[in-house]
Protein chains: 2
Amino acid sequence: MHDHSAVHEHAACCGNATDTLARAERLCAERDLQFTRLRRDVLEAVASEAKPLGAYDIAERLSGQGRRVAAVSVYRALDFLTENGLVHRIASRNAFVSCGHQHGDGAGLVFLICRTCGSIDETTSPEVDDQLDRTLAKAGFKPSSRILEVEGECGSCSGREPSP
Amino acid sequence: MHDHSAVHEHAACCGNATDTLARAERLCAERDLQFTRLRRDVLEAVASEAKPLGAYDIAERLSGQGRRVAAVSVYRALDFLTENGLVHRIASRNAFVSCGHQHGDGAGLVFLICRTCGSIDETTSPEVDDQLDRTLAKAGFKPSSRILEVEGECGSCSGREPSP
DNA sequence: TCTGGTGCTGATACACTGTAACATCGCATC
DNA sequence: GATGCGATGTTACAGTGTATCAGCACCAGA
């Protein structure tokens with residue numbers, strides 16, 4: 001069903017897809033939102049990859065076997081999922097990853113994008129948030145949302161020799 | 001030639017376009033690079049707006065009067081300008097702004113994008129950089145580049161009443 | 001039960017963003 | 001002049017995202 005030959009071996013991978021789905025289901029029940037089949041399938045597709053997926057990739061994965069999922073439907077599902085914090089958009093890649101954490105809604109996320117294996121990790125850093133808030137206040141700027149994405153090499157890949 | 005009816009009144013605007021061009025000329029001379037007409041025109045277009053411009057916007061502005069500038073040419077010019085730090089790409093908008101500062105090449109920039117007037121300011125913050133480096137080190141991640149973009153309301157706009 | 005509204009999905013079309021490939025031009029160098 | 005190189009022009013196309021309208025399920029209320 002899905003390719004495991006790649007380099008990544010993140011905890012965030014496949015094993016957690018079911019967790020993510022369960023959490024989503026709970027959250028939607030709490031907020032009285034519909035966790036429909038399409039939304040579930042889109043979330044599952046995203047959650048089963050540590051790499052970010054494009055909307056068209058997702059559409060392709062969900063299509064086949066007599067089912068056709070158009071990209072536009074995927075976008076709508078992704079809008080829903082991002083609004084509810086279940087999925088994050090990676091602006092620098094025009095792609096999406098499932099949210100691995102249960103952070104408070106307001107938490108400032110840092111995305112770590114590995115150039116070598118293509119995987120994405122997310123962290124939070126209150127210290128960075130603090131300093132950033134201070135910087136913004138000094139500039140007289142009232143933030144409402146922010147994007148912080150770092151490209152580089154992840155721990156697993158820098159431990160490994162670069163492939164020849 | 002260009003619309004001044006808008007809300008913004010940033011110092012970064014129009015008056016500085018000539019400064020930016022002069023700096024670009026100097027920099028290209030130093031590095032033995034060609035500062036061609038197209039590159040100059042693209043930079044001028046970007047520098048004369050505090051708002052980020054899309055590549056197709058730029059192409060449109062440069063076209064007319066018997067001249068036709070295709071978007072692909074604009075992209076090439078933008079590649080050149082971004083590689084040399086004269087222009088920055090705003091990932092969250094798929095758009096470009098001219099670089100207002102003379103920061104060292106490695107400096108971590110923070111882009112402040114105003115939702116109300118659409119203008120973009122840029123700052124740097126060594127403190128944020130410090131904390132971010134620390135966070136990345138803790139995660140075992142070696143950064144090579146990063147994006148930090150904040151959306152919100154700029155000082156001039158939050159002083160002003162919201163338009164009805 | 002019927003009816004109307006609301007929210008989700010399907011489908012088509014289209015706009016915007018970005019790249020590939022090849023031809024041409026100008027310029028420096030040999 | 002011949003050659004090579006970088007920049008630009010041109011066309012075509014791939015990838016990303018939105019607008020719009022139609023159908024469908026489901027629920028509330030008459």
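Worth knowing before you read on, the calculation uses all heavy atoms, side chains too, and leaves out hydrogens, waters and symmetry mates. So you know, we letter chains A, B, ... as the sequences are listed, proteins then strands, and number each from 1.
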Counting side-chain heavy atoms from CB outward, which of [options] is closest to [X]?
| X | options | result |
| --- | --- | --- |
| A:Asn94 | D:dT16, C:dG18, C:dG10 | D:dT16 |
| B:Ala70 | D:dT16, D:dT10, C:dT9 | D:dT10 |
| A:Arg39 | C:dC8, C:dG18, D:dT10 | C:dC8 |
| B:Leu38 | C:dT19, C:dT17, D:dG9 | D:dG9 |
| A:Val72 | C:dC8, C:dG18, C:dT12 | C:dT12 |

Once you round it to whole Å, what is the distance between [atom2] of [N] and [atom1] of [X]?
| X | N | atom1 | atom2 | value |
| --- | --- | --- | --- | --- |
| A:Glu83 | C:dC8 | CD | C1' | 14 Å |
| A:Leu53 | D:dG17 | CG | P | 13 Å |
| B:Tyr75 | D:dT8 | OH | P | 17 Å |
| A:Asp57 | D:dT16 | CG | P | 7 Å |
| B:Asp79 | D:dT8 | CG | C1' | 14 Å |
| B:Asp32 | D:dA7 | CG | C1' | 15 Å |
| A:Leu62 | C:dC8 | CG | P | 18 Å |
| B:Leu78 | C:dT19 | CG | P | 11 Å |

First locate atom SG of A:Cys157, then atom CZ of B:Phe141, and finally report the distance between them rounded to the nearest 0.5 Å.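 It comes to 9.5 Å.
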
A:Phe111 and A:His88 aromatic centres sub-6.0 Å: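 Yes, the ring of A:Phe111 comes within the 6.0 Å limit of the ring of A:His88, centre to centre.
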
Closer than 3.5 angstrom, by distance alone: can the side chain of B:Thr124 be matched with the main-chain N or O of B:Gly108 as a donor-acceptor pair?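 Side chain of B:Thr124 to backbone of B:Gly108, a donor-acceptor pair under 3.5 Å: no, none is there.
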
Quiz question: by atom type and distance under 3.5 Å, do the side chains of A:Thr36 and A:Gln34 form a donor-acceptor pair?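 There is no such pair (donor and acceptor under 3.5 Å, judged by atom type) between the side chains of A:Thr36 and A:Gln34.
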
Is it true that the side chains of B:Glu153 and B:Ser158 contain a donor and an acceptor less than 3.5 Å apart?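 Absent: no donor and acceptor within the cut-off.
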
Which residue lies more 5' along DNA chain C, comparing A:Phe80 with A:Tyr56 via nearest heavy atoms: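 Whichever sits nearer the 5' end wins; that is A:Phe80.
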
Would you kindly check whether a donor in the side chain of A:Arg76 faces an acceptor in the base of C:dG7, or vice versa, at under 3.5 angstrom?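 Donor-acceptor pair under 3.5 Å: no.
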
Any side-chain N or O of A:Ser73 less than 4.0 Å from the OP1 or OP2 oxygen of C:dT9?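 It does not, given that no N or O in the side chain of A:Ser73 lies less than 4.0 Å from OP1 or OP2 of C:dT9.
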
I want to check one thing: is the phosphate of D:dT8, taken as OP1 and OP2, less than 4.0 Å away from some side-chain N or O of B:Thr36?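 For D:dT8, OP1/OP2 do have a side-chain N/O of B:Thr36 under 4.0 Å.
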
Would you mind classifying the nucleic acid contact of A:Arg89 as base, sugar-phosphate or nothing, using non-hydrogen atoms under 4.0 angstrom?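 Sugar-phosphate, backbone atoms only, no base.
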
